[in-house]
Asker: 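Take this structure, written in structure tokens, and hold onto it; I'll ask about it next.
Each ligand, and each atom within it, is numbered from 1 in the order the structure gives.
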Amino acid sequence: MYNPGKNLLENRVILVTGAGDGIGKQAAITFAEFGAELILLGRKQEKLESVYDMISKMDTPKPCIVPFDLELCEEIAYSRLATKIQEDYGRLDGLLHNAAILGPRVPIENYAYKDWEAVMQVNINSVFLLTKFLLALLKKSDDGRLIFTNSGVGQKPRAYWGAYSISKYALNGLAKLVADELENTSNVVVTSVNPGATRTKMRNAAYPGENPDSVKPATNLMPLYLYLAGPDSRNEHNSFFSSEDDFSK
Ligand code: NDP
């Protein structure tokens, strides 16, 4: 069992996407509990404010809120975000690519192109853009972490899951490609994580007939997420983790 120290993430600036709900919300709160300074990126201001309020009550640095729609923002907005982080923090020690949308579950021949585009925009194109513009800031960290969130359906295609499944395949490729590029050229450790079945809004939409209590809560994932965000994963470059892994022997 991984037993992280209370100050594991002290002096680390970490950006979490989709920080307003689900796994991203829990990760942001947990990273703050362990001392990190959080940049909370998400689509809905009110959800981010609620996470901000929770973190503000802790004895930890105040987070910053970034309302940002990963589907609708143009490339220039990503570039401006990087400039703002450079001005405010001068570096980034962690980037958790967490936000995603499920999209419809229908056969390919019935899959509307606008749905395909939306899923691809949030789940892979925005991840490319954030990585492209924020990599320079991660390289300024002594010990940067770039974490991609994958899924079982990104390892084995799932009939009717269309763009979601394919976007996770592409994400796997992007993570490996970036890891390869950074192998000998930076201190940035690149990892991927498949959280597995977790009790969230997305899981509920995917499996409406399931009793949510039969699925693990996001809190169960946090030892793994802390491991990936903190210094103990220094030797895990280009590794893929799943929630079932006994990751910290
Ligand atoms: P949720 O749907 O509960 O949360 C997703 C988060 O992403 C929300 O905060 C959501 O914001 C945000 N988001 C969605 N679209 C956008 C957008 N256009 N711009 C900005 N933020 C956006 O999902 P989970 O927490 O379940 O999933 C987190 C990650 O884990 C995803 O990458 C998912 O694919 C992966 N995963 C989850 C599993 C599970 O069982 N839960 C299993 C395997 C993988 P808003 O609240 O406004 O919608």
Asker: Using a strict 4.0 Å cut-off to heavy atoms of Glu71, name the atoms of ligand 1 that fall inside it.
Answerer: 18 (N)
Asker: What about Leu41: any of its N or O atoms under 3.5 Å from an N or O on ligand 1?
Answerer: no
Asker: If only side-chain N and O atoms count, and only distance matters, is there a donor-acceptor pair under 3.5 Å linking Glu236 with Tyr227?
Answerer: yes
Asker: Once you restrict to heavy atoms under 4.0 Å, what part of Arg199 touches ligand 1? Side chain, backbone, both or neither.
Answerer: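 Within the 4.0 Å criterion, Arg199 makes no contact with ligand 1.
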Asker: What protein heavy atom is closest to atom 3 (O) of ligand 1, reported as residue, atom name and distance in Å?
Answerer: Thr200 CB, 3.5 Å
Asker: So which heavy atom in the protein is nearest atom 10 (C) of ligand 1, and how far is it from that ligand atom?
Answerer: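 In this structure, atom 10 (C) of ligand 1 has Arg43 NH2, 4.4 Å as its nearest protein heavy atom.
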Asker: Which of the listed options, Ala218, Pro67, Gly196, holds the heavy atom that is closest to atom 38 (C) of ligand 1?
Answerer: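 Looking at heavy atoms only, the winner is Gly196.
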Asker: Has ligand 1 got any nitrogen or oxygen that is less than 3.5 angstrom from a nitrogen or oxygen of Lys47?
Answerer: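 The answer is yes, given that Lys47 and ligand 1 share an N or O pair closer than 3.5 Å.
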Asker: Mind checking the CG-CG spacing from Leu228 to Leu96? Nearest 0.5 Å is all I need.
Answerer: 9.0 Å
Asker: Between Ala19 and ligand 1, is there a nitrogen or oxygen pair with a distance under 3.5 Å?
Answerer: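 Min N/O separation from ligand 1 is not below 3.5 Å for Ala19.
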Asker: What protein heavy atom sits nearest atom 2 (O) of ligand 1, and how far off is it?
Answerer: Met202 CB, 3.5 Å
Asker: Decide yes or no for Pro4 and Asp232: does some side-chain heavy atom of the first lie under 4.5 Å from some side-chain heavy atom of the second?
Answerer: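 They are not in contact (no side-chain heavy atoms under 4.5 Å apart), so the answer is no.
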Asker: Could you list the atoms of ligand 1 found under 4.0 angstrom from a heavy atom of Lys201?
Answerer: 2 (O), 3 (O), 45 (P), 46 (O), 48 (O)
Asker: Out of Leu48, Leu96, Asp69, whose heavy atom is nearest to atom 18 (N) of ligand 1?
Answerer: Asp69
Asker: Do side-chain atoms of Gln26 reach the backbone of Gly22 as a donor and acceptor pair under 3.5 angstrom?
Answerer: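 No, because the side chain of Gln26 does not come within donor-acceptor range (under 3.5 Å) of the backbone of Gly22.
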Asker: Parallel, tilted or perpendicular: which fits the ring planes of His97 and Phe148, with parallel below 30° and perpendicular above 60°?
Answerer: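 Answer is tilted, since the angle falls between 30° and 60°.
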Asker: Would you kindly specify which portion of Ala100 sits under 4.0 Å from ligand 1, judged on non-hydrogen atoms: side chain, backbone, both or neither?
Answerer: both
Asker: Between the side chain of Thr83 and the main-chain N/O of Ser79, is any donor-acceptor distance below 3.5 Å?
Answerer: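 Here the side-chain-to-backbone pair exists.
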Asker: Which protein heavy atom lies closest to atom 36 (N) of ligand 1, and at what distance to 0.1 Å?
Answerer: Pro195 CG, 3.5 Å
Asker: Look at atom 4 (O) of ligand 1 and say which protein heavy atom is nearest, naming residue and atom and giving the distance to 0.1 Å.
Answerer: Asp21 O, 4.1 Å
Asker: Could you grab the distance from atom NZ of Lys44 to atom OG of Ser50, nearest 0.5 Å is fine?
Answerer: 12.5 Å
Asker: Test of understanding: given a 4.0 Å heavy-atom threshold, classify the contact between Ile101 and ligand 1 as side chain, backbone, both, or neither.
Answerer: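 It is the side chain that gets close, since no backbone atom is under 4.0 Å.
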Asker: Would you call Asp142-Arg91 a salt bridge at under 4.0 Å N-O?
Answerer: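 Not counted as a salt bridge, because no side-chain N and carboxylate O are separated by less than 4.0 Å.
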Asker: Just so I know, are the side chains of Asp21 and Thr200 near enough to count as touching, which here means a heavy-atom distance under 4.5 Å?
Answerer: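 No, every pair of side-chain atoms sits at 4.5 Å or beyond.
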Asker: Going by atom types alone, do Glu183 and Asn238 pair a side-chain donor with an acceptor below 3.5 Å?
Answerer: no
Asker: Taking only residues two or more places apart in sequence or in another chain, which ones pass salt bridge (charged side-chain N to carboxylate O under 4.0 Å, His left out) with Glu181?
Answerer: none
Asker: Going by heavy-atom distance to atom 17 (C) of ligand 1, choose the closest among Leu72, Leu70, Val193.
Answerer: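 Heavy atom nearest to atom 17 (C) of ligand 1 belongs to Leu70.
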Asker: Could you identify the single nearest non-hydrogen protein atom to atom 20 (C) of ligand 1 and state the distance to 0.1 Å?
Answerer: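 Protein heavy atom with the smallest distance to atom 20 (C) of ligand 1: Phe68 O, 3.3 Å.
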Asker: For the side chain of Tyr169 and the backbone of Lys156, is there at least one donor-acceptor N/O pair under 3.5 Å apart?
Answerer: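 Confirmed, Tyr169 side chain pairs with Lys156 backbone.
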Asker: Counting from 1, what ligand 1 atoms have a heavy atom of Gly18 closer than 4.0 Å?
Answerer: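 Here the atoms of ligand 1 in question are 6 (C), 7 (O), 9 (O), 12 (C).
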Asker: Output the list of atoms in ligand 1 that are nearer than 4.0 Å to some heavy atom of Ala197, sorted by atom number.
Answerer: 40 (O)
Asker: Please work out whether the ring planes of Trp161 and Tyr207 are parallel, tilted or perpendicular, with thresholds of 30° and 60°.
Answerer: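 Answer is tilted, since the angle falls between 30° and 60°.
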Asker: Judging by distance only, is a nitrogen or oxygen of Tyr164 under 3.5 angstrom from one on ligand 1?
Answerer: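 Yes, there is a polar N/O contact under 3.5 Å.
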Asker: Rounded at 0.5 Å granularity, tell me how far CG in Asn194 sits from CG in Leu221.
Answerer: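 One finds 9.5 Å between CG of Asn194 and CG of Leu221.
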Asker: Considering only non-hydrogen protein atoms, determine which one is nearest to atom 25 (O) of ligand 1 and report residue, atom name and distance to 0.1 Å.
Answerer: Ile23 N, 2.8 Å
Asker: Write out the residue and atom name of the closest protein heavy atom to atom 40 (O) of ligand 1, then the distance separating them to 0.1 Å.
Answerer: Thr198 N, 2.9 Å
Asker: Determine, for Arg203 against Glu210, whether the closest basic-nitrogen to carboxylate-oxygen distance falls under 4.0 angstrom.
Answerer: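 Between Glu210 and Arg203 there is a salt bridge, with a charged N closer than 4.0 Å to a carboxylate O.
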Asker: Ignoring hydrogens, just give me the one of Ala27, Ala99, Ala206 whose non-hydrogen atom is nearest atom 22 (C) of ligand 1.
Answerer: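 Answer by nearest heavy atom: Ala99.
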Asker: Any N or O on Asn98 sitting closer than 3.5 Å to an N or O of ligand 1?
Answerer: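 Yes, there is a polar N/O contact under 3.5 Å.
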Asker: Which residue from Asn150, Val66, Leu102, Thr149 reaches closest to atom 44 (C) of ligand 1 through any of its heavy atoms?
Answerer: Asn150
